[in-house]
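Below: one structure, written as structure tokens.
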Amino acid sequence: MSGTLADKYDFKVAEADCQESWKRLNTYAWDATAPKSESYIIDTPPPTVSGYLHMGHIYSYTQTDLTARYMRMAGRNVFYPIGFDDNGLPTERLVEATRKIRATDMSREEFVAICHEVVQQSEEDFRKLFRSIGLSVDWAQEYQTISPTSMKLSQMSALDLFKKGHLYRTWQPTLWDPVDRTALAQAEVVDKEVASSMWELAFGLEGGGEVVIATTRPELLGACCALFIHPDHPKAAGLLGRNAISPLFQVPVPILADERADPEKGTGIVMCCTFGDTTDIEWWREHKLPTRVILDKNGRLTGLERIGASADWPSLDQDSAQAAAAELTGLKVNAARAKTIELLTARDLVRGSTAVNRMVPSAERSGAPLEILVTPQWFVRVLDKKDDLLKIGSEIAWYPPYMQVRYDRWVENLKWDWCISRQRYFGVPFPFWYSKRPGEEGKVLFADVADLPVNPLTDLPRGYTADEVEPDPDVMDTWATSSVSPQLNSRAVAPGFEVDSERHDKLFPATMRPQAHEIIRTWAFYTIVKSYLHEGKAPWKDITISGWCLAQDRSKMSKSKGNVVTPDSLLERYGADVVRYWTATSRLGLDTALSEDVLKVGKRLTTKLWNATRFVSMQLKDFDGAPSTPKEDVAKGIIVCPVDQWILTKLSEVVRGAGELFEKYEYADALHLIERFFWNDFCDNYLELSKGRAYSDVGNEAEHRSAQYTLWHCLETMLRLFAPTLPYMTETLYQGLFPGRSPSIHNRGNWPKADDQFASASAELAGEACVGILAAVRKAKSDRQVSLKTPLAWLRVAPGATPPDGARELVASITGDLAATVGASLVEWADSLEGETVPTQDSAFALQLEFAAPAQE
RNA sequence: GGGCGCGUAGCUCAGCGGUAGAGCACUACGUUGACAUCGUAGUGGUCACAGGUUCGAUCCCUGUCGCGCCCA
């Protein structure tokens with residue numbers, strides 16, 4: 001019945017063959033005709049086109065694939081797409097770096113065309129990697145966030161949010177990256193520790209005297225609009241209500257009380273500039289302070305000539321103010337800081353300075369220290385929806401559960417609405433224009449849904465001429481589009497904003513979102529925001545959070561440390577199944593060190609599985625039975641031996657346990673269970689115990705058949721249990737040993753069914769007795785340093801300290817297999833034994849044995 | 001400064017109220033007719049530290065220390 005297997009497994013050949021056949025058979029295709037209730041919909045992370053592939057990609061994507069493969073085999077109609085997040089600033093930076101160009105040095109069209117070129121190559125690299133690691137994605141569902149359809153859906157999202165009042169455009173203080181010259185969102189900010197100085201500067205006081213403030217940013221002096229002092233500060237009483245006069249510019253500013261002015265820090269008196277940090281913004285809002293912006297989009301000082309030129313920005317000495325302004329205008333922030341100190345020192349107005357380390361908010365991508373500028377930007381309203389967002393977050397099942405805390409904390413601590421406009425090029429344009437028609441100047445004109453996607457720079461809103469509109473020049477941030485990944489798959493964002501409403505009904509919300517923990521505050525959060533604002537519901541039922549792949553020493557892999565292991569090198573050395581094995585032993589949420597040891601264990605497991613299967617295939621060479629299920633084959637009286645029924649009972653426990661664990665995303669525990677069964681129960685014990693009957697050395701024909709049927713069931717079931725983890729080898733073995741049984745082991749519904757398994761408490765007892773006695777005999781032989789093959793003249797089994805019920809009958813039922821396995825001519829029961837005995841580990845039995853006389857040389 | 005997680009055998013990690021577990025590594029023995037990429041057995045831990053709750057704590061609580069991440 002069985003096919004033939006090569007002596008050695010060649011993973012390269014097997015991987016190529018399997019990939020070819022899976023593609024030909026469409027093994028992983030989603031069935032669009034099946035009802036939604038059968039679906040398992042995965043909202044796969046579209047990897048950022050970053051130019052290089054790392055172990056993190058393999059690690060987290062394979063974790064997802066383990067679940068995807070299980071769910072498919074367990075009968076779900078799995079929707080498992082892959083996307084590429086190719087739009088936005090990350091791609092622009094990649095393009096600028098690899099092609100050594102600047103976006104600003106060429107036309108917008110030219111730059112965008114080059115971006116498209118670069119992402120093609122990068123995406124092909126990803127496809128190749130994902131295929132070789134064996135991801136069971138449905139390639140027909142591939143998407144790009146820059147594709148026309150994605151643009152259309154992303155613009156639909158913007159239109160829907162705008163019409164619902166969740167999207168607004170306003171001039172407001174915005175985090176600004178002076179290197180990339182674009183606005184940023186809160187999530188794109190990282191703090192960098194920078195050595196700096198805390199300067200103490202003397203302000204004048206109206207009516208005479210001086211007040212010393214402390215600041216790390218003296219260059220913003222020109223933008224000063226107030227001083228703040230803690231109400232409990234000893235000097236507060238004498239200062240509050242008076243005006244201070246800024247040095248150099250001689251601008252009178254009020255001295256105000258506020259608890260956020262830390263009396264322990266510096267002099268305890270601080271200047272508020274529009275804008276130095278987020279506290280300045282809060283003070284500016286609450287105290288309705290004037291707006292004095294002295295930085296431009298490149299981070300240079302500008303606009304200082306306005307000091308003293310108007311009533312809301314007065315100076316007591318305009319000549320002095322303009323002299324200082326002339327020295328500072330056009331300098332970048334750092335140079336302006338040095339110059340300001342120089343000017344102040346010359347006037348003897350610096351009262352002191354201390355070296356401090358300060359945390360500077362910087363751009364995650366460019367690394368530049370951020371400024372706060374007042375620019376027109378598009379914002380998604382989130383600050384007024386914190387409670388709703390927390391509630392939606394709690395409706396999603398988080399794996400592991402504590403990851404939800406990260407989401408909750410992020411939502412609770414939001415300080416900005418979500419800024420989604422970027423002053424860049426390669427991205428989805430806003431489908432908006434501003435009217436120049438007399439009477440409605442500045443009115444927002446939006447595109448008709450039917451016309452999407454639009455490029456406002458070249459297209460026009462219906463009913464308007466080019467002269468009558470001002471196009472919105474910005475593009476959306478990458479996250480504004482990738483945050484609708486569930487909807488990019490389902491092809492609609494909300495009623496009235498649909499590309500394919502039937503598909504949307506089938507695919508939204510999704511079942512599961514896999515992603516890494518560091519992007520909970522970005523990707524998970526934004527996706528929840530959008531889903532909530534569009535349709536009032538959570539985008540997924542479950543979210544599974546993966547950790548990171550660390551280097552062997554548990555440090556972060558990084559090029560600078562030189563500890564980067566590339567996916568290709570591992571796949572080349574070990575093959576995909578072994579690399580997957582390493583991933584499959586890691587749990588959700590935890591960072592995992594790449595381990596050569598674990599890879600070796602995986603290698604050994606695949607070798608063992610190959611050899612065990614080959615061995616069983618030998619035992620089945622003459623097998624002409626027609627197995628149905630373990631349960632039925634026992635019922636039919638085919639599988640009769642206690643040891644056979646015992647291993648099937650153990651198998652049934654593994655089938656049930658592994659399924660339950662996979663359902664909870666505990667694939668590592670499931671694998672462990674399967675592996676232990678395979679190695680310890682099946683290989684170490686069952687194969688040895690059944691050998692005699694399998695070879696027909698002992699027992700009758702019925703017992704031989706019983707062993708064959710059992711071997712067949714165990715192997716056929718185990719291969720399916722291993723299939724999610726080791727897709728290539730199990731497929732190769734399955735097709736080799738059970739040809740024609742299923743086009744692919746990975747087919748939908750091919751997971752072993754718990755109801756088909758056989759279990760018997762009495763068979764389990766008999767098997768345990770057998771294994772216990774076998775282990776004791778092995779130990780006895782090992783203690784005497786003889787081969788386990790050494791024959792015994794006889795073995796006597798008596799009740800131990802805690803014998804099982806019906807011990808005698810139990811032992812009688814297994815003497816045949818036991819005698820064959822321990823190599824005893826005679827195994828007999830004794831009600832009690834005189835002299836020295838060997839107990840089994842569980843004290844169920846006590847043994848005596850006699851070695852056979854050595855064979856004559 | 002706040003939040004979250006982690007600290008268990010040499011290493012990687014499970015366990016989480018009732019006599020410490022696995023794999024790797026190490027040691028000894030064994031060529032048994034699938035596999036020496038094997039088998040059998042063994043060495044190895046005051047479960048970070050200090051208090052508390054409990055009949056009993058690796059497990060619960062509090063604090064301390066160390067590590068990582070996230071956020072101020």
Which nucleotide wins on minimum distance to the side chain of [X], given the candidates [options]?
X: A:V405; options: B:U40, B:C69, B:C4; value: B:C4
X: A:K789; options: B:A34, B:C70, B:U32; value: B:U32
X: A:D684; options: B:U37, B:G3, B:G39; value: B:G39
X: A:T607; options: B:U37, B:A22, B:A34; value: B:U37
X: A:Y402; options: B:C35, B:G5, B:U40; value: B:G5
X: A:W410; options: B:C71, B:U32, B:C24; value: B:C71
X: A:S782; options: B:G39, B:A41, B:C69; value: B:A41
X: A:L788; options: B:C35, B:G23, B:U40; value: B:U40
X: A:K779; options: B:A34, B:G23, B:G42; value: B:G42

Can [X] and [Y] be counted as an ion pair, charged N to O under 4.0 angstrom?
X: A:R217; Y: A:E371; result: yes
X: A:R656; Y: A:E653; result: no
X: A:R614; Y: A:D7; result: yes
X: A:R513; Y: A:D542; result: no
X: A:D669; Y: A:R587; result: yes
X: A:D783; Y: A:K779; result: yes

How far does the [atom1] atom of [N] sit from the matching atom of [M], given to the nearest Å?
N: B:C13; M: B:G68; atom1: P; result: 15 Å
N: B:U58; M: B:G51; atom1: P; result: 13 Å
N: B:U12; M: B:C26; atom1: C1'; result: 16 Å
N: B:C38; M: B:U46; atom1: C1'; result: 38 Å
N: B:A20; M: B:G44; atom1: C1'; result: 12 Å
N: B:C11; M: B:A25; atom1: C1'; result: 7 Å
N: B:C6; M: B:G17; atom1: P; result: 15 Å
N: B:G33; M: B:A28; atom1: P; result: 24 Å

Legend entry - Test item: side-chain donor near acceptor, A:E596 and A:Y574, under 3.5 Å: yes

Strictly below 4.0 Å: does [X] bring a side-chain N or O up to OP1 or OP2 of [N]?
X: A:R521; N: B:C71; result: yes
X: A:R604; N: B:C38; result: yes
X: A:W582; N: B:U12; result: no
X: A:K691; N: B:A34; result: yes

Taking [atom1] from [X] and [atom2] from [N], how many angstroms apart are they, rounded to a whole number?
X: A:Q785; N: B:A28; atom1: CD; atom2: P; value: 11 Å
X: A:L687; N: B:G39; atom1: CG; atom2: P; value: 11 Å
X: A:W548; N: B:C67; atom1: CH2; atom2: C1'; value: 15 Å
X: A:I520; N: B:G5; atom1: CD1; atom2: P; value: 12 Å
X: A:L726; N: B:U37; atom1: CG; atom2: P; value: 20 Å
X: A:W679; N: B:G23; atom1: CH2; atom2: P; value: 11 Å
X: A:Y667; N: B:C13; atom1: OH; atom2: P; value: 14 Å
X: A:L590; N: B:G7; atom1: CG; atom2: P; value: 9 Å

Inset, instruction - Please find out if less than 6.0 Å separates the ring center of A:Y59 from that of A:W582. - result: yes

Inset, instruction - Tell me whether the centres of the aromatic rings in A:F662 and A:Y667 are closer together than 6.0 Å. - result: no

Return all side-chain donor-acceptor pairs below 3.5 angstrom for residues 676-684 of chain A, not counting sequence neighbours, or 'none' if the list is empty.
{"unit_1": "A:R676", "atom_1": "NE", "unit_2": "A:N680", "atom_2": "OD1", "d": "2.8"}
{"unit_1": "A:N680", "atom_1": "ND2", "unit_2": "A:D684", "atom_2": "OD2", "d": "3.4"}

Inset, instruction - Using heavy atoms to find the nearest nucleotide of RNA chain B for A:R778 and A:D591 separately, return the residue whose nucleotide is more 5′. - result: A:D591

Legend entry - Residue whose nearest RNA chain B nucleotide is more 5′ - A:N685 or A:S787: A:S787

Inset, instruction - Using a heavy-atom cut-off of under 4.0 Å over every strand shown, decide if A:R784 touches base, sugar-phosphate, or nothing. - result: nothing

Inset, instruction - Remember a base hit wins even if backbone is also touched, and classify A:E518 as base, sugar-phosphate or nothing at under 4.0 Å, heavy atoms. - result: nothing

Inset, instruction - Look at the side chain of A:K600 against the base of B:G23 and say whether a donor-acceptor pair falls under 3.5 Å; ignore hydrogens and angles. - result: no

Inset, instruction - Report yes or no: is there a donor-acceptor pair, N or O only, under 3.5 Å between the side chain of A:D697 and the base of B:G33? - result: yes

Legend entry - All stems with RNA chain B, defined as three or more consecutive Watson-Crick or G-U pairs under 3.5 Å: B:1-7 with B:65-71, B:10-13 with B:21-24, B:26-30 with B:38-42, B:48-52 with B:60-64

